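Note sheet for the following structure.
Please read all numbers here as calculations on a predicted model, not as lab measurements.
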Amino acid sequence: MTTNLITGGAGFIGSHLSEILLDKGEKVIVLDNLSTGQFSNIASLEENPNFEVLIDDVGNEDLTEDLIRKSDRVFHLAASVGVRLVIERPTECLTNNILGTDIVLRYACRYRKQVLIASTSEVYGKSVNQVFNEEDDRIMGPTSKSRWGYATSKAVDEFLALAYYEEKHLPVVIARLFNTVGPRQTGRYGMVIPNFVRQALKGEPITVFGDGSQTRCFAHVRDVAPALAGLLAHGGAFGKVFNVGSQEEISILDLAKKVVEKTGSKSEIKVIPYEEAYSAGFEDMQRRVPDLSRIHALLGYEPKHDLEDILEDVIAEQGSCSP
Ligand code: UDP
C-alpha cells in the first residue's frame, strides 16, 4: 500500500488532497504545525485507519526524517502563504519556506522517495505576459518590497528541487499553483474570495483593493488537488515544473459584483487604495493567466469546475457556518 506524507496536510489544499488519497485506498500521514492550517479540516479523517496526523513542524528534523523514511511519496505543501501573512511576517515566511523545503528534499534524497514541491504563480512576479508559461522569464520587484521575498523564497525552493533532480536524480516534481479556492480556505491571510463572501454574507462593505481592474483566474480545489496527486503518480513528471490552475479570467471588481449578486447581499463595493489595504509602495500583479498546455499534455488536465461552482461552494459553506 502506498504511504503518502503530506506536510501542511491540515491546510486548505492538503486536507482535500488527503481525502483523495484515502479514497484511493492509500495511506496518508499529515505533518502540520497548525500555523495556518486548522485541525477541523482533517478532524473527520481521524476515523480512517489509513490516516495519521502529527501536529509538529517540518523544522523538527528528526521527526521529518522518520516520516519521510516510512513514506513512499511526499507532498510538501507546508509553507507560509497569503499576501497578508507574507507582508506582516516576512522573516517567518522566508525562513519556513526555504529551510522547510531544504529539509524535505535532503531526506527525500537520502531515502530515495518521490516528492512534489508546491510552488506558486507568484514566482512569475510582475511579468505582463498574456499567459504564463513554465519556461518564461520571471520579473521580480526590489528586495525592499516584502511581497517579492515570498516569490523569491518559492523560486529558491524550485531551484533547489531541480538541482536535486539534476545532480542526485531525486524524483521530484514542482507544481506552480495559481489562485486556488474552495471550501475550507480561510480569508484570514488575505485571500480574496473567502473575504468577499464573508463580507457579502455579513452585509459589510466588499473591499476591492487597487482600482479593481486587476484580473485573476480562480481554480477549484476539487480540480487542483487531484492534479497534484496525478503529477506525483505519473513517472513522466519528474524534473519538471507544471502550472496548475484555471484560465477563466475575471477582474476583481467584477468578482465583487458577482459575489454581491450571488449572495443577494446589500453590501456596497468599496474601492480601497493598495497603500491603505497593505502598505506604502505595495505592488500587485495586474494579470495572471496560466498556460496549462504542459499539464494538459501529461495528465489530460482540464478544470471541471468554473467560477460559478467555486462561488456556490464557498457561499454554501460560509452560509452554513454563519449564526
Ligand atoms: N483583494 C481585494 N480585496 C481583498 C483581498 C484581495 O481586492 O479583500 C485583491 C488583491 O489585491 C489581488 C486579488 O484580490 O489583486 C487577489 O488577491 P489574493 O490575495 O486572493 O491572491 P493573489 O493573487 O494576490 O495571490
Side-chain angles (χ1 to χ4, degrees), residues 11-13 36 38 40-41 81-89 120-122 126 128 141 145-147 150 177-224 245-290 303 305-323:
F12 154 60
I13 299 176
T36 54
Q38 291 184 47
S40 57
N41 288 344
V81 294
V83 175
R84 190 156 296 286
L85 182 74
V86 164
I87 287 172
E88 286 170 4
R89 287 155 35 195
T120 166
S121 58
E122 287 267 326
K126 355 185 218 185
V128 290
K145 297 195 170 138
S146 50
R147 171 172 204 150
Y150 172 61
L177 302 179
F178 283 66
N179 296 69
T180 303
V181 195
R184 300 183 202 143
Q185 184 177 41
T186 165
R188 216 175 306 144
Y189 308 105
M191 280 74 165
V192 67
I193 289 188
N195 268 319
F196 280 4
V197 169
R198 181 182 47 80
Q199 291 164 339
L201 291 177
K202 288 191 164 167
E204 293 171 2
I206 313 272
T207 54
V208 169
F209 301 158
D211 64 4
S213 68
Q214 73 273 29
T215 67
R216 293 292 186 274
C217 300
F218 296 97
H220 200 303
V221 68
R222 292 209 169 87
D223 285 314
V224 171
S246 150
Q247 291 186 315
E248 188 185 352
E249 190 177 9
I250 187 168
S251 76
I252 298 302
L253 187 58
D254 285 345
L255 176 70
K257 290 180 187 158
K258 214 178 215 330
V259 170
V260 168
E261 179 199 307
K262 285 194 85 72
T263 51
S265 170
K266 296 205 166 31
S267 291
E268 53 155 340
I269 294 175
K270 196 171 162 195
V271 174
I272 301 174
Y274 284 126
E275 50 275 23
E276 237 176 81
Y278 297 109
S279 54
F282 176 81
E283 293 182 312
D284 201 6
M285 274 77 117
Q286 188 56 27
R287 193 157 184 253
R288 194 150 67 182
V289 185
H305 304 279
D306 61 12
L307 183 61
E308 295 288 323
D309 298 332
I310 292 174
L311 292 178
E312 276 160 27
D313 286 355
V314 175
I315 292 166
E317 182 195 39
Q318 289 203 20
S320 68
C321 299
S322 354

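- Residues passing the side-chain hydrogen bond (donor to acceptor under 3.5 Å, both in side chains) test with Arg216 are Asp284, sequence neighbours excluded.
- Cys217 approaches Ser246 most closely through the heavy-atom pair CB-O, 2.9 Å.
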Could you pull out every donor-acceptor pair under 3.5 Å between side chains of residues 308-316 and any protein atom, sequence neighbours left out?
{"from": "Glu308", "atom 1": "OE1", "to": "Lys262", "atom 2": "NZ", "distance (Å)": "2.6"}
{"from": "Glu308", "atom 1": "OE2", "to": "Lys258", "atom 2": "NZ", "distance (Å)": "2.5"}
{"from": "Asp309", "atom 1": "OD2", "to": "Asp306", "atom 2": "N", "distance (Å)": "3.1"}
{"from": "Glu312", "atom 1": "OE2", "to": "Lys262", "atom 2": "NZ", "distance (Å)": "3.2"}
{"from": "Asp313", "atom 1": "OD2", "to": "His220", "atom 2": "NE2", "distance (Å)": "2.8"}
{"from": "Asp313", "atom 1": "OD2", "to": "Arg222", "atom 2": "NH1", "distance (Å)": "3.2"}

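- With sequence neighbours excluded, the residues forming a ring-ring contact (aromatic ring centres under 6.0 Å, His included) with Phe209 are Tyr278, listed by chain and number.
- Residues meeting the salt bridge (Lys or Arg N to Asp or Glu O under 4.0 Å) test with Arg188, sequence neighbours left out: none.
- If you take OG1 on Thr36 and OH on Tyr189, they are separated by 5.5 Å, rounding to the nearest 0.5 Å.
- Among residues two or more places apart in sequence or in another chain, the salt bridge (Lys or Arg N to Asp or Glu O under 4.0 Å) test is passed with Glu249 by Arg287.
- Two residues are said to be in side-chain contact when any heavy atoms from C-beta on lie closer than 4.5 Å; Arg147 and Lys126 fail this criterion.
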Without placing hydrogens or testing angles, list every side-chain donor-acceptor pair under 3.5 Å for residues 199-206, not counting sequence neighbours.
{"from": "Gln199", "atom 1": "OE1", "to": "Thr207", "atom 2": "N", "distance (Å)": "3.2"}
{"from": "Gln199", "atom 1": "NE2", "to": "Thr207", "atom 2": "OG1", "distance (Å)": "2.9"}

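- Heavy-atom minimum distance, Pro194 versus Val181: CD-CG1, 4.4 Å.
- Residues Pro303 and Gly245 share a closest heavy-atom pair of CG-O, 3.6 Å.
- Residues Ile269 and Lys257 are in side-chain contact: their nearest non-hydrogen atoms beyond the backbone lie under 4.5 Å apart.
- Glu248 places a side-chain N or O within donor-acceptor distance of the main-chain N or O of Leu307, the cut-off being under 3.5 Å.
- Within the model, atoms OG1 of Thr215 and CD1 of Ile250 stand 10.0 Å from one another, a figure rounded to the nearest 0.5 Å.
- Look at Arg84 and Glu88 and you find a salt bridge, because one of the NZ, NE, NH1 or NH2 atoms lies within 4.0 Å of a carboxylate O, short of that distance.
- Using a 4.5 Å heavy-atom cutoff, the side chains of Arg184 and Gln38 are not in contact.
- Minimum interatomic distance between Asp211 and Leu253 (heavy atoms only, all atoms of both residues): O-CD2, 4.5 Å.
- The two residues Val86 and Ser146 come nearest to each other via the heavy atoms CG1-O, 3.9 Å.
- Within the 4.5 Å cutoff, the side chain of Ile87 has no heavy atoms near those of the Tyr150 side chain.
- Of the possible donor and acceptor atoms, none in the side chain of Gln185 sits under 3.5 Å from a partner among the backbone N and O of Phe12.
- Looking at Thr180, its side chain does come within 3.5 Å of a backbone N or O of Phe178 through a donor-acceptor pair.
- Taking the side chain as every heavy atom from C-beta outward, Leu177 and Ile13 approach each other to under 4.5 Å.
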